[in-house]
Amino acid sequence: MNPFDPRTVLFAKHAQHVVLIHFPIALFLAGVLFDFLGKWTRNAVLETTAYFNLLFAAISVVPVLATGLLAWQWALEGQKLKGVLLLHLIFGWLSALLIWTVWLLHRRARRNQSSRSAYLLGLESVAVVVVAITGHLGGFLSGVNGPN
Amino acid sequence: MRRRVFAAAFVVAAVSSISIFAPRGGRFEVLAQEKAATSEVKIDNFSFSPATLTVAAGTTVTWTNRDDIPHTVVSTDDPRAFKSKVLDTDEKFSFTFSKPGTYSYFCSVHPKMTGKVVVQ
């Protein structure tokens with residue numbers, strides 16, 4: 001099959017999830033980094049950059065969740081949820097909820113023109129850890145974290 | 001009396017030497033047992049072990065997933081000679097190789113996991 005055939009992308013079963021997952025991870029981590037820098041240097045441009053990174057991270061989570069569930073049903077044929085698969089699913093949903101919450105709190109702070117409290121930076125730190133654990137577990141499922 | 005003892009000793013020695021230097025049938029039995037023992041492939045740590053398995057035609061090979069991660073066993077031939085469902089931990093898949101040849105296979109979930117069955 002030609003690699004540029006659209007069917008290779010549309011019907012690749014699990015491949016989309018493995019590809020798309022990089023977007024929310026990268027956008028969210030960059031958003032948190034810019035937020036820390038913006039708060040530290042009191043630079044409004046950095047804070048705005050952080051907001052838009054977090055916005056696009058929150059948006060890109062949606063197709064990632066959808067393709068993740070499809071990968072479970074298609075590539076893994078709806079395997080029983082246990083072990084690494086169950087943990088990945090739990091941490092995946094938790095990551096999504098944290099990413100959405102962080103973005104919503106940023107949005108509210110921007111609308112109210114209020115400064116964000118320190119608890120938001122704490123929440124962002126927790127979210128980074130949860131996202132990292134989810135990615136680590138996903139790496140095991142996809143074989144990336146396996147032995148060479 | 002001594003002659004009888006020597007005769008008995010000779011018979012015992014002869015019988016034991018026959019059993020030690022067994023005819024080909026006995027050796028075949030041992031080989032057959034070895035073949036049967038190696039018709040199992042273990043899936044563990046993201047690899048098939050042994051990666052290359054040589055069996056006689058008609059042998060049934062059984063793959064067992066010892067990993068915590070789901071795996072599959074899929075032939076690379078076109079059309080596919082065999083394809084397992086997704087194997088959970090400790091699940092097995094068996095296939096009987098009736099025709100001689102080399103059968104390459106991989107895990108469709110983790111395509112870098114590959115193996116080969118050589119049927120003689």
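Convention: sequence-line order gives letters A, B, ...; per-chain numbering from 1.
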Non-hydrogen atoms of A:Phe36 and A:Glu124 that approach each other most closely: CE1-OE1, 4.0 Å
Which pairs of donor and acceptor atoms, one on a side chain in residues 96-103 of chain B, lie under 3.5 Å apart (sequence neighbours left out)?
residue, atom, partner, partner atom, Å
B:Thr96, OG1, B:Thr60, OG1, 2.7
B:Tyr103, OH, B:Lys99, O, 2.8

Note: B:Asp90-B:Arg66 ion pair, threshold 4.0 Å (strictly below): yes
Interchain contact, A:Gln79 with chain B, by part (heavy-atom threshold 4.5 Å): side chain
Chain A neighbours within residues 68-81 of chain B, where any heavy atom lies under 4.5 Å away: B:Ile69, B:Pro70
Residue of the set A:Asn53, A:Val102, A:Val61, A:Leu33 for which side-chain contact (heavy atoms from CB on, under 4.5 Å) holds with A:Phe28: A:Val102
Presence of salt bridge, A:Arg110 and A:Glu47, under 4.0 angstrom: no
Any side-chain heavy-atom pair of B:Trp63 and B:Tyr105 under 4.5 Å: yes
